[in-house]
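For ligands, and for the atoms within them, numbers begin at 1 and follow the listed sequence. The first residue of the sequence shown is numbered 1, and numbering continues consecutively from there.
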Amino acid sequence: MNAIDATNVSKHYGSTTALDRVDLTVEEGETFGFLGPNGAGKSTFINILLDFAKPSDGQVEIFGTDCQRDGVDARERVGVLPEGYSVIERLTGRQHIEYAIRSKDAHDTNPLDILDRVGIRDAAGRKASGYSKGMAQRLVLGMALVGEPDLLLLDEPSTGLDPNGAAEMRRILREENERGATIFFSSHILEQVEAVCDRVGILQNGELVAVDTIEGLRESM
Ligand code: ADP
Ligand code: ADP
């Protein structure tokens, strides 16, 4: 079964074409990089997967479930790291994870195990106001991991991180992929996707202009 199946997906905002007849398949277990400059349509595509935006045309499925017709069911299998996420400064790392456990009814989850997976277990009892940018980003990723999603959608997860923070994020994503999660990772920086992703799609002005392995793309450049 495919993790993502997009068929002929277009999205228009007035006279702006944010997505132009995108066909894309991401197989279960893949790490897929969705690469494109700002304004290319990456967030629009992710919003359609999450049923936060309706396509003007076409269809998107997650694990065979139609995202628009059965959006809630599709979202159950997805963990999201949204762009421009935020943490709640007065809550500790552990309290953030506990909040995610309650809201997803995932009561058999141990918050410390999740914090361990994202490398901030030692900071479990500290308020998020004292976290670095990289720690805060990993905390939000930890919230996304609650419930063991089969698909992780990450919108520009490395933006604003220093090189160490970005490397740590990549390490965690590779580990989550080894645990079985399919990874869909959007970025405007090739170097950030190539260290994690098996395949890359390049989006330009809403059009998917290439889909290939990193090696294949390098050869054609
Ligand atoms: P990216 O995530 O690659 O930066 P976006 O999906 O955010 O690109 O945007 C694609 C295009 O669609 C841009 O021209 C953007 O201004 C436009 N757009 C996105 N969302 C909206 C919206 N809600 N209303 C109007 N235009 C939008
Ligand atoms: P990015 O380019 O990284 O996607 P944006 O700032 O373009 O970030 O988009 C952030 C949010 O604002 C998205 O949810 C997008 O749909 C919305 N958005 C983007 N462009 C427009 C626009 N021209 N009008 C209204 N909403 C927009």
Side-chain angles (χ1 to χ4, degrees), residues 3-26 30-62 66-69 71-72 74-75 78-87 133-134 136-138 140-141 143-144 149 151-162 165-166 169-170 173 181-214 217-218 220-221:
I4 298 174
D5 263 309
T7 314
N8 197 36
V9 174
S10 293
K11 177 69 177 178
H12 308 288
Y13 291 106
S15 61
T16 302
T17 298
L19 291 174
D20 189 5
R21 292 165 292 174
V22 170
D23 284 306
L24 175 64
T25 299
V26 177
E30 265 195 299
T31 51
F32 189 87
F34 202 43
L35 197 63
N38 283 331
K42 302 182 299 296
S43 297
T44 300
F45 187 76
I46 289 176
N47 287 341
I48 289 172
L49 287 175
L50 296 170
D51 195 24
F52 297 159
K54 299 275 177 209
S56 309
D57 197 10
Q59 191 191 16
V60 184
E61 293 181 354
I62 290 179
D66 188 307
C67 299
Q68 266 62 53
R69 201 183 51 218
V72 176
R75 274 205 302 271
V78 178
V80 190
L81 183 69
E83 198 191 5
Y85 69 88
S86 55
V87 294
K133 167 102 183 151
Q137 197 128 343
R138 285 183 339 248
V140 180
L141 177 60
M143 293 172 76
L151 172 63
L152 281 175
L153 294 181
L154 307 116
D155 198 351
E156 301 268 1
S158 308
T159 301
L161 298 185
D162 61 24
M169 180 62 74
R170 291 194 293 266
L173 294 180
T182 304
I183 310 279
F184 185 89
F185 177 154
S186 95
S187 178
H188 59 282
I189 302 170
L190 174 63
E191 285 69 28
Q192 295 189 343
V193 302
E194 69 180 351
V196 181
C197 297
D198 305 325
R199 280 199 311 146
V200 177
I202 297 185
L203 197 65
Q204 270 174 15
N205 295 320
E207 252 184 284
L208 197 58
V209 295
V211 180
D212 207 340
T213 58
I214 296 281
L217 284 176
R218 284 217 178 282
S220 63
M221 278 195 304

Judged by heavy atoms only, the candidate from G36, G39, G206, G14 nearest atom 10 (C) of ligand 1 is G39

Tested for side-chain contact (heavy atoms from CB on, under 4.5 Å) against F184, the lone hit among V78, I62, L24 is L24

Those atoms of ligand 1 less than 4.0 Å from some heavy atom in A40: 1 (P), 3 (O), 8 (O)

Which ligand 1 atoms, with their elements, are less than 4.0 angstrom from a heavy-atom of K42? 1 (P), 2 (O), 3 (O), 4 (O), 6 (O), 8 (O)

Closest candidate by heavy atom, reference atom 20 (N) of ligand 1, pool F34, Y13, F45: Y13

Please list, in number order, the atoms of ligand 1 under 4.0 Å from a heavy atom of G41. 1 (P), 3 (O), 5 (P), 6 (O), 8 (O), 10 (C)

Is the number of heavy atoms from other residues, nucleotides or ligands under 6.0 Å of Q204 CD greater than 12? no

Is it the case that N8 and Q59 place a side-chain donor and acceptor less than 3.5 Å from each other? no

Side chain, backbone, both or neither: which part of T16 comes within less than 4.0 Å of ligand 1 when only heavy atoms are counted? side chain

Hey, which atoms in ligand 1 end up nearer than 4.0 Å to a heavy atom of S43? 1 (P), 2 (O), 6 (O), 7 (O)

If you measure from each non-hydrogen atom of P37 to ligand 1, which part falls under 4.0 Å: side chain, backbone, both or neither? backbone

Does any pair with a residue in residues 14-23 pass side chain to side chain donor-acceptor pair (under 3.5 Å), and if so which ones, sequence neighbours excluded? H12-T17

Sequence neighbours left out, what passes ring-ring contact (aromatic ring centres under 6.0 Å, His included) with F185? Give chain and number order. none

Note: ligand 1 atoms sitting under 4.0 Å from heavy atoms of N38 are 4 (O)

Would you call the rings of F45 and F34 parallel, tilted or perpendicular if under 30° counts as parallel and over 60° as perpendicular? tilted

Please examine the side chains of L203 and L35, heavy atoms only from C-beta on, and report whether any two atoms are closer than 4.5 Å. no

